[in-house]
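Have a look at the structure below before the remarks.
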Amino acid sequence: MSHLDEDTDGRVSRVDRGMCDVLTPAGTVRARWGPHVVEAAGMSPVATPTVGDEVLLETQGDQIWLTRVLPRRNIVARASVSPGSSHQQVLAANVDVLAICEPCHPAPAPGRIERLLALAWECGSHPAVLLTKSDLSPDIDGIKEEVSQLAIGASVIPVSIPQARGLDAIRALTIAGQALALLGPSGAGKSTILNALLGVDVMPTSHVRNDGKGRHTTAHRELLAMGDGSFIIDTPGLRRIGLASTDGLEQTFADVSELAAECRFNDCAHQTEPGCAVQEAIDDGSLPQRRLDSYRKLLREAAYQERRGDARLEAEERARSKSLSRQIRQLPGHSRP
């Protein structure tokens, strides 16, 4: 068994059951998961190869094997949508920029934008908000201003493919070797943006419905190489976006956090306490009540998922400890103390 090249590193483009398409310097190859990769995936779903993973490949005869997933810089993961599981669902790995695609028609959804921003900050990607279908809005400048107040620290870019608007600004978000992932609801125009950036139709698209809701056109996640050496990841529309931890909320709601630091009491609940800077901001109109309500909602959700994850890890540790104890008791010459 020999390496394809001295230091062949590939990047996973698409994942199927037990197989991957991998982009390499020699082109795209089809690779089967090696035994160690299968074993790691069986121990933890998070370790399963995913789009964006940097991997090592080896060949044996006509078969190419994916032998190792290299350490990830980050993962974009949401809380599992399965009520019986506390594992995260990994959407992509090694994402430098997370581009949140939010349609301007019929109107952007502030809560969804905040949720995806928290996901981006949580995983360590730089977020950008792409206001898609901006040509359908009579007041795109007003919408951009409103979204910019939500998307603290993120780029906000109006995008219109018919008007060729925003494409250069999207290209400027990454450099060679970096990856940008498109995330958002169905019908937000993710595949249309990807096709426009690549200059060729590689992803199917469909017309938006009269009510502004989109249809699923992308059925899988896929990484593609851009002409400048960067990568772009298209993803299916997300109906549910659960946060796996509270890590990204402080940055997403930096305005609320800064106000909370000025409250008279460190444990202020921002309700009826005297000297509450948050409530004072709501009273004078500088902080919308919706913003605080959204922060509280996401904080409750994320804290719940963290508790579920901690309980799962504790149970797995107990199971490993019991298994080790059984193995020790079965050793020759072992006797109970």
Side-chain angles (χ1 to χ4, degrees), residues 11-21 33 37-55 66 69-101 111-125 127 179-186 188 190-191 216-223 231-249 252 297-316:
R11 196 148 185 173
V12 174
S13 171
R14 179 173 174 173
V15 178
D16 299 310
R17 190 179 296 274
M19 301 283 289
C20 289
D21 288 344
W33 300 358
V37 174
V38 172
E39 181 182 5
M43 294 176 63
S44 171
V46 175
T48 302
T50 193
V51 170
D53 268 329
E54 296 171 350
V55 297
L66 192 162
V69 175
L70 297 175
R72 295 162 168 166
R73 297 192 304 278
N74 63 20
I75 58 171
V76 179
R78 63 175 175 175
S80 174
V81 296
S82 172
S85 172
S86 61
H87 284 286
Q88 298 179 45
Q89 180 190 11
V90 178
L91 304 176
N94 303 313
V95 173
D96 300 281
V97 178
L98 189 63
I100 299 164
C101 299
R112 181 167 58 212
I113 294 173
E114 289 164 340
R115 189 178 288 270
L116 286 171
L117 284 168
L119 185 69
W121 291 122
E122 176 186 314
C123 73
S125 298
L180 178 148
L182 301 170
L183 216 62
S186 299
K190 297 183 296 296
S191 297
H216 283 287
T217 53
T218 300
H220 60 274
R221 296 185 291 276
E222 186 166 355
L223 175 142
F231 302 93
I232 188 166
I233 299 171
D234 193 19
T235 63
L238 297 176
R239 290 192 180 94
R240 180 178 171 186
I241 309 142
L243 300 180
S245 79
T246 60
D247 291 348
L249 291 177
T252 302
K297 177 182 178 181
L298 294 180
L299 188 62
R300 286 194 300 269
E301 281 186 28
Y304 171 69
Q305 289 297 337
E306 282 187 337
R307 290 194 299 272
R308 290 182 72 200
D310 290 343
R312 173 180 55 79
L313 292 174
E314 186 177 343
E316 290 175 351

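Computation of the quantities below employed the complete heavy-atom set of this structure, encompassing side-chain atoms and omitting hydrogens, waters and symmetry-equivalent molecules.
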> To the nearest 0.5 Å, what is the distance between CH2 (Trp33) and CG (Leu66)?
Replying inline: 9.0 Å
>> Just to verify, what does Arg300 make a side chain to side chain contact (heavy atoms under 4.5 Å, CB included) with, not counting sequence neighbours?
In response: Arg296, Lys297
> Which residues satisfy the side chain to side chain donor-acceptor pair (under 3.5 Å) test with Arg72, sequence neighbours excluded?
Replying inline: Asp53
> Side-chain contact, heavy-atom cut-off 4.5 Å: Ser13 with Val51?
Replying inline: no
> Excluding sequence neighbours, so at least two apart, what forms side chain to side chain donor-acceptor pair (under 3.5 Å) with Glu114?
Replying inline: Arg290, Arg291, Ser294
> Shortest non-hydrogen contact from Leu119 to Ala77?
Replying inline: CD1-O, 2.9 Å
> If every non-hydrogen atom of Gly52 is compared with every non-hydrogen atom of Arg11, which pair is closest and at what distance?
Replying inline: O-NE, 3.2 Å
> Given side chains that start at C-beta, do those of Arg112 and Pro185 come closer than 4.5 Å, heavy atoms only?
Replying inline: yes
> Is there side-chain contact between Ile233 and Leu182, with heavy atoms separated by less than 4.5 Å?
Replying inline: no
> Asp96: what forms a side chain to side chain contact (heavy atoms under 4.5 Å, CB included) with it, not counting sequence neighbours?
Replying inline: Arg73, Gln178, Ala179
> What's the spacing between Arg14 CZ and Glu222 CD if we round to 0.5 Å?
Replying inline: 6.0 Å
>> Could you work out, with side chain to side chain contact (heavy atoms under 4.5 Å, CB included) as the rule, every residue matching Ala40, not counting sequence neighbours?
In response: Ala47
> Quick one: does Val15's side chain get under 4.5 Å of Arg221's, heavy atoms only?
Replying inline: no
> Cys123: what forms a side chain to side chain contact (heavy atoms under 4.5 Å, CB included) with it, not counting sequence neighbours?
Replying inline: Val76, Ser125
> Rounded to the nearest 0.5 Å, how far apart are CG of Leu299 and OH of Tyr304?
Replying inline: 15.5 Å
> Are any of the side-chain heavy atoms of Leu70 and Val55 separated by less than 4.5 Å?
Replying inline: no
>> Going by side chain to side chain donor-acceptor pair (under 3.5 Å), name the residues that satisfy it together with Asn94, two or more places apart in sequence or in a different chain.
In response: none
> What's the spacing between Leu223 CG and Thr50 OG1 if we round to 0.5 Å?
Replying inline: 10.5 Å
> Distance from Leu183 atom CG to Ile100 atom CD1, nearest 0.5 Å?
Replying inline: 7.5 Å
>> If you compare all heavy atoms of Val46 against all heavy atoms of Ile75, which two are closest, and at what distance to 0.1 Å?
In response: CG1-CD1, 4.0 Å
> Counting distance only, does the side-chain N/O of Lys190 pair as donor-acceptor with the main-chain N or O of Gly184 below 3.5 Å?
Replying inline: yes
What side-chain donor-acceptor pairs closer than 3.5 Å can you find for residues 241-249, not counting sequence neighbours?
unit_1, atom_1, unit_2, atom_2, d
Ser245, OG, Asp247, N, 3.2
Ser245, OG, Asp247, OD2, 3.3
Thr246, OG1, Glu306, OE2, 3.3

>> Rounded at 0.5 Å granularity, tell me how far CD in Glu122 sits from CG in Leu98.
In response: 11.0 Å
>> One pair to check against side chain to side chain contact (heavy atoms under 4.5 Å, CB included): Asp21 and Val12. What are the steps and the verdict?
In response: CA-CA 6 Å; Asp21 288 344; Val12 174; over 6 Å; no
